[in-house]
Amino acid sequence: MKIDLHQPILDKNDRIASENRDLFKEKRVFVLDLLASPGSGKTSTILATIEALRDEFNIAVIEGDIASNVDAERISAQGIAAVQINTGGACHLESDMIRRAVNALDLDNLDLIIVENVGNLVCPTDFDLGEGAKVMILSVPEGDDKPLKYPGVFQVAEAIILNKVDTMSVFNFNEQAFRDAVTQLNPQAPIFPIAATKGEGVEAWAEWLRAKIRAMQEA
Amino acid sequence: MHELGIMTGVVESVGAAARNAGADKVLKVSLSVGVMTEAIEDALQFAFEALCEQDPLFEGAQLDITMVHPKSRCTECGLVFDHDRYHVICPECGGFAELLQGKELRIDSIEVDIPDEEEETERKSS
Ligand SMILES: Nc1nc2c(ncn2[C@@H]2O[C@H](COP(=O)(O)OP(=O)(O)OP(=O)(O)O)[C@@H](O)[C@H]2O)c(=O)[nH]1
Ligand SMILES: [Mg+2]
Ligand SMILES: [Zn+2]
Ligand SMILES: [Zn+2]
């Protein structure tokens, strides 16, 4: 006998993600899901973003890591609430992990939660967490050909941060080739070149994020 | 990626649906998988086979995957066009397009054996 199911495979994840999204909307907190490779500068970018926006918004961070809490400690050292999720080997965060993590946060008094997803350009792309936006970071040393090798993450991102631009000449990074490839994959996404550890270019990126947070809070 | 995790979810959902229907055997599972997702066909097959060995309900079950090719509609000129994973801009006017298909991760249907049903059909035909 044949049984028609027509059931999304990620049904359970999607359902919890949409509950998360409703909760974030009710609490007027914007959730940013940051996707990138290991070592590309996710934590450095989060720290620079906090620096740029902390006077206007109450911010918290959720750190997704396979093990350890060194990143959460770097955030806490700045006086910002940080929740560590150890995925115990899983290669991406799922919506139920976010649901549990936000339980530890005071949502009524937050405007922005930044999620540092597990360092991985593949796995997190198919998983909705209930976020307001997914943004990806590519760092210059990874090479300008990455859009062609990992198209999915460049397509799911609403904005793309190009980090470590201070190393552009050392790595022979062809910014135009990079931009052309991104435009083919995701023509609407703005690209923000930054050097997170030097604060360079961070203001334009923070301005984009500020507009997203305001749009959500005023909706 | 995490094809094993994905297939574990599929096998759980299918197992529940099959048991609900009173089935004692799953013969076939049909999935649609969009080309614009991160799931890889061979890895899904491999994970499915591994999982089937662990559950008698799935012994000998087939996995049928339909890969769904991307299709978009231009938001400027309305053209509906097929494309590959890498080129999503309208080939006519260069406008932004909205994806119509190509991101599916879906269980379409399953085929199962229901013991009572079989006896009944055998009785009828004899
Ligand atoms: N030159 C340069 N180095 C940077 C920049 N941003 C980050 N780094 C360095 O890159 C390394 C990794 O930075 P992190 O911020 O820890 O990167 P991450 O992506 O959070 O790393 P994991 O969480 O371990 O995957 C550190 O040594 C940083 O100092 C930058 O803009 N320029
Ligand atoms: Mg980090
Ligand atoms: Zn994975
Ligand atoms: Zn067009």
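FYI, side chains are in, hydrogens and waters are out, and symmetry mates aren't considered; it's all heavy atoms of this structure. Sequence lines set the chain letters: A, B, ... in the order given, protein chains first and strands last, and positions in each chain run from 1.
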- Region of B/Leu31 that comes under 4.5 Å of a non-hydrogen atom in chain A: side chain
- Query: So which part of B/Lys103 gets closer than 4.5 Å to some heavy atom of chain A, the side chain, the backbone, both or neither?
  - Reply: side chain
- Item | Option in B/Met36, B/Arg85, B/His83 with maximal non-hydrogen atom pairs under 4.5 Å from chain A | B/Arg85
- Measure the CG-CG distance between A/Leu34 and A/Asn117 for me, rounded to the nearest 0.5 Å. 9.0 Å
- Please determine, among A/Pro147, A/Pro8, A/Pro187, A/Ala181, the option with the most heavy-atom pairs under 4.5 Å with chain B. A/Pro187
- Query: Looking at A/Thr125, A/Val156, A/Asn13, A/Asn120, which makes the most heavy-atom pairs under 4.5 Å with chain B?
  - Reply: A/Thr125
- Query: Taking NZ, NE, NH1 and NH2 as the nitrogens, is one of them in A/Asp128 or A/Lys134 under 4.0 Å from a carboxylate oxygen of the other?
  - Reply: no
- Message: Taking the basic N atoms (NZ, or NE/NH1/NH2) and the acidic carboxylate oxygens, is any pair closer than 4.0 Å for A/Glu19 and A/Arg99?
- Response: yes
- Residues, nucleotides or ligands: over 12 heavy atoms within 6.0 Å of A/Gln188 CD: yes
- Message: Tell me whether the rings of A/Phe178 and A/Phe173 are parallel (<30°), tilted (30 to 60°) or perpendicular (>60°).
- Response: tilted
